[in-house]
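Order of appearance sets the numbers: ligands from 1, and atoms from 1 within every ligand. Side chains included, hydrogens not; waters and symmetry mates left out as well; all remaining heavy atoms used.
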Amino acid sequence: MTERAPLIAVVPAAGVGSRMKADRPKQYLPLTEGGEPMLVLTVRALFSHPLVDRVYVAVSPEDPYADALDLGDAVVLRTGGATRADTVLNTLRAVENDWPETTLAMVHDAARPLLSHEDLDSLVATVDRVLREGTAEGAVLAMPVADTVKRADEHGLIAEDVSRDRLWRIATPQLFALRQLARAIADTPDVTDESSAIRAQGGRVALVPCAPLTFKITEPADRALARQLLQRKDTTMDLRVGLGYDSHRLVEGRPLIMGGIRIEHTLGLDGHSDADVLLHAITDALLGAANMGNIGLLFPDTAAEFKDADSAVLLREAWSRIAAKGWQINNLDCVIVAERPKLNPHLPAMTARIAEILGIDVDRVSVKPKTNEKLGFEGEQKGISARVVALLTRD
Ligand code: MG
């Protein structure tokens, strides 16, 4: 697996949001009719991203709302302070000993639920690059200012023209090395964003252009706009297809295990684990669709713990990691190429077992056996192969 620094996200959610004129802090207001609170959407936008290892939500010590929310794998910490900087610093201090020296930490506003994976990808890629090149200490998402900008006087009259040349609106997430960020905020506590604290220490911060959808929901009008965008978004679902392939050698003296069931046969499949060629191909199809690596990276066949491993356990483990990113299985379509034995009688048990392992309806699993007309290693009964396509969906 490629070495990369762990990546955590902190969502300060201890503010009261008085500008929204509502009965509770704005992060707890649903954005759409009967929909989920803004904080839930924001946190999901972060933890559904494959590179984010942990999301911490920082609420005030006396917060009565957070425990009732469905925040998935996010960890709620009662580290809220008097200011945003206090909250972020308390949270970084509370978790830093759980993470290695190289850990990166992003801070993201609870009021920016429309953050896209694409913008997060650009931010992470930029920080990887500037740290590698030594050209900056981190980066922030930001939007170039397109409107003409003026400064007003105290009567609301234009007092001054402000050139918009090289002006940017700073958004979040803002991403830096965890410990460096904590030190910077501790030394400069009266800042309104993390990049100011880093810069106050002489650090450089790269700007990463992001979609205007990353806007902050502050006024009731912002909420109305976000609602419209979300309702439109609800109708477009993220779809990903994955392809898995595997083959194993047929030998004497091994049981034949395919699709999680044992099939009576004179030969069995050889391998480090139980050599379940179909479950291996399914695992890779799912990992491929989610772009989360492959079975060999997750469960190396050099590792003693996977010797004779039950492939159902490996598949379930892989799927639980994928599902944690918000994916659901739409369907699996599988082909097993085997000259013998006849597999049709075993298909109901196989599909039922696969559906059971993955916790999905059996109607979503199709397994089709093929002979290879005596051609190739499958046809010569030297081995069996499997091919699987998987379709994942995410709201
Ligand atoms: Mg295999």
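Within D246, OD2 is the N, O or S atom that lies nearest to the Mg ion (ligand 1). If you look at H280 and ask which of its N, O or S atoms sits nearest the Mg ion (ligand 1), the answer is ND1.
Considering only heavy atoms from C-beta on, I217 comes within 4.5 Å of P113 through its side chain. Between T135 and R132, every side-chain heavy-atom pair lies at or beyond the 4.5 Å cut-off.
Note on D276: not counted as a metal contact of the Mg ion (ligand 1), no N/O/S atom lying under 2.8 Å.
Taking a 4.5 Å side-chain heavy-atom cut-off between Ile, Leu, Val, Met, Phe, Trp and Tyr, the cluster of V313 contains only that residue.
Listed here is the closest heavy atom pair of Y28 and A13: OH-O, 4.3 Å.
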